[in-house]
Structure formats: C-alpha cells, structure tokens
Amino acid sequence: MIEQAIFTSAQTDRSRGYQLVAASPGINAQAARDLAAWGPSHGSLCGASDNASSVNFHPLTDDLWCISQSVSAGEEYSGRGGTRVYTHSFAVPAEEMGRFANNPFALLRATRTRGLLKVQDFVPSSLAAIQLPGRAGAVDEGVLAEFLERFGEERIAWLVDVALTADRLLVVGVDNRDLLMAGLIQCLPVECRPEMSFATGLVHSPRRPFRINALELDAVETKRLSRQSCVTVLNLAEEPPADFVPSGWAAYLFEAFAVDGLPVLCAELERARAGLRVSDLPWLADQLTERLHEGGDVELARPQSSPGELVQPPGGNMAADSAYERPAGKLQLLPTVSAEANLPARANGPSAEVVAPSRDALEMLEHLDDLVFDTINGRSPALDELTALWPRLSAELSANLLAESREQYLHYAIKVWELCVKEGVRDPSCAVAALDVLCILFGGD
Amino acid sequence: MPKVVQPMESYRLAQYSVQVPCYVCGEGNAFDAEQCRHCFAPMALAHQANTHKIRPQMLAVIGTSGVGKTVYLGMLLDMLSRQTQRMQILARGAFSITLQQTVMGALSRGEFPAKTPNEPDRWNWVHCQIRTSPKRDPTELIVPDMAGEAVLEEIEHPQSYIGIRRLLCKCAGAIVLIDAAEMAGGMREQDYFAMKLVSYLSELRDDDGQAWSNRPLALVLSKADRCETCFDDPATFARRSAAGLWEHCQERFPNHRFFAAGVAGACVTHFVRGVGHVVAPLRIEPQGIIEPFEWLVKSM
C-alpha cells in the first residue's frame, strides 16, 4: 500500500498556515514530521506563474521514499498575496518503488492516470492509502532518446559526472527541468536511482537537502550559492569546460552514446544488479566500457525482459566475465581475463562442478559464485552480501557441497594471492580481498 | 640580507580547523559559513558578537500565522530608527535593515508584506543596538522574524526546529502577539494558541537551569485598531476574551503585561488579477508599537 499526504496552507482547527493538512492512516508521527520538514512553504516554487510546479523525490524514514508534486494552487487563504503551494506526497515502500523500476516519474504518472493528483480545494482531514497497479520497465527509451537529443552526449556526461560527485547540485539554465531529471534517472541503473534525491522546481533551502535541484536562479543568487560549501552550481546553458574529461559512469555513458550505443546502453540498464550502489558505478563503468569495445560487430539483440529478470545473452559460448553476465542454463563458466591487476581467469565455480544438485541449490551456488568472485575482484558491497548470505547457505547446503565450494574458492584465492605481485610487492587490495573471502568461508570453523 | 616572508597557501586551510560556534544554537560551523548548518541562523551574528566582545541578548517575537509579527517588527524598527527621544536604535549589519525595508516598502505600496516562509534560512534577522539613556550602556539585541507555523511545529514536535528551541531557551524575554480582532469576534483559536506558547515557555530552562517564567513576557493584542475597547484597557480585554491565557499568565509568569497595538487604521479586501483576494491597509496609523518593546527592554 502507498500512503499519501497533503502539505499546503490552510486554516484548520489545529493550526493555520503551511502544515500537513491531510494524511492517510499509515503516515506515522515520524513520517509526518519529515514530510513537514521537507514540505515547501510560501514562495518555494521557482517562477511566479500559475503553472509553476515541481516533482520531488527524497527518502523518508523506515525504508520509505517520498515522491511528491508541488504545484501552484490559487490564492493563499490569508490574503497576503502570492500563490498557495500545494504538495501531494506519496510515501512509497521499497517493493512498490521496485515495481516501477525506482522511477519516480513513472510512479507519478500512474497516480496522475488514476486522478489522484488533482488539487483539492476542500481537503479532507484524512486520506486513504492507495494501491497502484501496473509497473514500469527499467528503461524508458523514449525519454532517454529525447534527453539525448535535447542535451547532447557531452552535456549529459558533464551533468552525470557532476551529479555523481557533488554533495548537492543545483542545475540552472534548463527550460524543461522535468525532462532533465527524468532523463538523468534513466541514465542510471535501477538500483542506484533511490540514492538520487531531486527536485525540479523548488527554491533552494538547506532544510531540503536534495542531492540534485533543478531550478531558476538569478546571477546574484547563483554567486551566493556557489560560495556555500557542499553546494555545486551547474549552468547547463553553458558549454562544458574545455578541459572537461568525463570519468566513471559519465565516461561510459559518453562512449555508449558516441558509438550509437543507445540500444546497448538500454540493454545494460535493464540488467538486474542486486545491491548495486552509486559508489560502485565507476567499477561497473570499467566493466561495461570494456564490453562495449569488445562487442564490436557483435549484434546484441535487445532482450524482452521484465524488470527484475536477468537478461539472457544470445546463444553460443560467450565469455562470462565478472560483470554480472551469467548465461542461464549453462553450468560451465568460461574463463575470462580480467584487465585489472592481471588476476587469474575466473575459475569454474562450484556450481559448474557439482553433480545433479537440486535447482534451488544450484541457484544458490551460482549466486555464491558471483559474490565470491566479485568480492575478490574488489566490489565491496559484494563482501557485505557474502557475509550476510554465507551463514544461511552453510545451513541449507549439504556438507559435501560446502566442502567442494570451499575447495574451489580456496584454489582461486591462492591463485589471486600468488599473482597479485608487482615488482616484488604484493598488491594489497587484491590480497586483502582474497583474505576477506577466505575469512568468511572458513571463519566459522 | 633582506628577509622575505612568504605565507604558505596551505595555511589558509588551517582556518577551517577552527569551528565557529553559532550564536543561537552553539553548534560549530566553518569560519566562512554564511548560515549555521544546524539552525540556519546567520553566522554574521556570531562574528559581530565576537568582534565587539559584547554578548547580545535575544528577544523572541512569536505568535500564530497571520497575527502581524512581521509588520509589528518592521514598524517598530522603522519608528525607533526615526525618533530618538525615548529610545535610540542602531542596526548592526546590513542584513538587519532588510526586515524594515521589506515591511515599509510593502506598506508604502498599500499592501501587507508577504507571508513569512517556514524555512528558517529565509527568515529575516535583526541585530541592533538599543540605547535607552545617554548615561546607560547600550543593549545589544538579536530578534528573528519567525514563521508562526514553524513555532507551532516546534511546540508540538520538539526538535523540529532546533534554532527556535535554542532561541526560546536563551532569549531574555518574549513578545507574544495575539489577534485582538479575532478574539473580539469570539474566536477562541488565538487563546488556545497563545496558551500553547506560554505553556511551552514555562517548561523551558536556560543553560543554567533557570526557569523561563521569571523573564519578562509582553502579550501584545495586535490589530487592536479593529476593537473599540482594546486600547482603553488591554488587560481587561484579555481577561474577558482570552480567559485561559489570562489565568495561565497570572499563575506562571509573575513578570508579564498586556498591551494593545495596531498598525493599519482600517483594512479592505480587494481582488487583484492574477493574485486573488488580497487584504490591504487603507491607511497606516501605528499605535502602541513602542510601548511593549520599551517595557520589555527595561525589564530585561
């Protein structure tokens, strides 16, 4: 169920002025406080027109996300001039967000279709929680294509580069701020989207710490805000700096766009990558850039997958690498050469070696393979996931399977340990990663 | 051999290692921060207090939304800055003039100033020097113009606005505005809100553990120009129209006093295209503006 609330200026029995005038029963006291803190009050919408609006997305407590729309809604009750800011918020649990591919715009579209976003002149004191059927694909190709056409590869790379590194980014010089933010969201893997809180038309306030805020600013305000620590102002109406070189995920996007790789990019964005964080994107970008260049003339058919399912690569032997490609139904994990630190080719995981395990056990082993190899290759969230998963697997898998798994991973870790030596000095990152894995796998004994 | 002193550029970074405490909430901030990152009060208050080695006292002007806090403060500053017989006021810092400029500009255009937003970083703050007598040392005061909803939110959900809580704990006195026109019309809402405010104040303790209730409390019946008897005897008017508040003050605040004040002689509601219905003052006739402030400063 999705809870909802309305924050606006009104004269009620409890108070007068900007307040939470209505909420569904599931909005608890803490959520209500957070909504009041984030709620925009008088004069908070950019632009003085009656059509001023903002789409906002930010975290709430208790694993909830808030998606809201603030609009200009006529005169304010007190007669002091200025328009009333009316904000309709939806408190969305993680599962519901996942159904809509963590895309706030898709969810808001669904609520609008159901007529839930209409401004109510007489707001009831209580609202009902709602169920929102439907879902959204991981990538909205139309939005992405329009985003690319409107802003171009270089500006997009510049925007993404700054957005992923700045604490708080204010983007100015954009006419269609909703398209800007919708396009930016489309450029990110689904799992990373919840980390990017944003607003598309609210006056900047440190009380509303959006990670990205697309807004209108005059020259004086721009200069003033630029001087604030932790605030970066980006004027997209200008050209990127001459010495700008995209890095990390921005670099991958730039290259993907440049090689006419919109289909390739969409295919990659549709892959599920559980536990992926924004901090992992540089690592993932390296992997995908490599694949982008290796792909060459190989036509990568766009699979028709629903969100949450793994993308099935085309038939035939393809080199599996550590970037999440797992040919379904194939037990043989082909060796590959990692470009980083000359690590040994990924060995056949235990999932490839065991004989006639159950389907469930095989899936668990495949998942364990991925986590172990990813951890050894330096992806730190995989270590957390492995730490959490191993005790459960130890309890569920048979002793034989466990012993075989440990033996395989030990062989691989020893290889890594032996090979991560450069000029007589062992590369600590590789060695430590391998040790971490062994500590988990053998630590309980 | 001539001596050359070359300061290291990296020494500039050393300034960031020393935190500057916010004057309102006391939390640390970078030396070049414009606003406190915790309570959003201007850091200029701390810098100005440090330069003159004087600890300004804080004064709270609070009331429900739309009761007239902004107009009262702006008019008060404007009147005191023009006439020096009773009390001389000097603003400290350019930001202290903004409130006066905004209010008087709006009134001169025949309109009331815009509603104060809830966000503390958008409030107007006043830091001023008050001299009541040539022989006495001047008093330094800090007065913020806070949104009524924010004050109520803090009362009902403590720690929602850290700056409000810290200010109310530290302030040397308070002016509570109550809408006399609404009370005269029989609406009890003003009474309830004022009771919430004074109840909240009575429970506060300052850093030394001293009870708030010993501090001076001025209760100003605003928009009194719309009530015939309010100016004659504010205390009796309050006793009749806001009995709950009256009793509460009698019991909890030994140092309190009721006043009546008004700015606009009469108001009218008219329709402005593109804006909607707007309340406008027909004329500006300030009455009883200085008296509450004067009493409070002398009592502090």
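Each chain gets a letter, A, B and so on, in the order the sequences are listed, and its residues count up from 1. The figures here come from the full heavy-atom set of this structure, side chains too, leaving out hydrogens, waters and symmetry mates. Since the structure is predicted, the reported quantities are computational estimates derived from the model, not experimental observations.
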Shortest non-hydrogen contact from [X] toward [Y]:
{"X": "B:Met183", "Y": "B:Ala242", "answer": "SD-CB, 3.5 Å"}
{"X": "A:Leu60", "Y": "A:Ala91", "answer": "CD1-CB, 3.9 Å"}
{"X": "A:Leu159", "Y": "A:Leu180", "answer": "CD2-CD1, 3.6 Å"}

Please check if the side chain of B:Asn50 supplies one atom and the backbone of B:Ala46 the other of a donor-acceptor pair under 3.5 Å.
-> yes
Contact check, side chains of B:Leu177 and B:Val61, non-hydrogen atoms, under 4.5 Å = yes
Under 4.5 Å between any side-chain heavy atoms of A:Leu170 and A:Val231, yes or no?
-> yes
Please tabulate the donor-acceptor pairs under 3.5 angstrom that span chain B and chain A, backbone and side chains included.
residue	atom	partner	partner atom	Å
B:Glu34	OE2	A:Arg224	NH1	3.2
B:Ser65	OG	A:Arg80	NH2	3.4
B:Asn118	N	A:Ser41	OG	2.9
B:Glu119	OE1	A:Ser41	OG	2.7
B:Glu119	OE2	A:Ser41	N	3.3
B:Glu119	OE2	A:Ser44	OG	3.1
B:Glu119	OE2	A:Arg208	NH1	2.4
B:Asp121	OD1	A:Ser205	OG	2.7
B:Arg122	NH1	A:His42	O	3.4
B:Arg122	NH1	A:Ser44	OG	3.0
B:Arg122	NH2	A:His42	O	3.0
B:Arg122	NH2	A:Gly43	O	3.0
B:Glu149	OE2	A:Tyr18	N	2.7
B:Glu156	OE1	A:Arg14	NH1	2.2
B:Pro158	O	A:Arg33	NH2	3.4
B:Ser160	O	A:Arg207	NH1	3.2
B:Ser160	O	A:Arg207	NH2	3.2
B:Glu182	OE1	A:Arg16	NH2	2.9
B:Glu182	OE2	A:Arg16	NH1	2.8
B:Glu182	OE2	A:Arg16	NH2	3.2
B:Glu189	OE2	A:Arg16	NE	2.7
B:Glu189	OE2	A:Arg16	NH2	2.6
B:His277	N	A:Glu75	OE1	3.0
B:His277	N	A:Glu75	OE2	3.4
B:His277	ND1	A:Glu75	OE1	3.4
B:His277	ND1	A:Glu75	OE2	3.2
B:Val279	N	A:Gly79	O	2.8

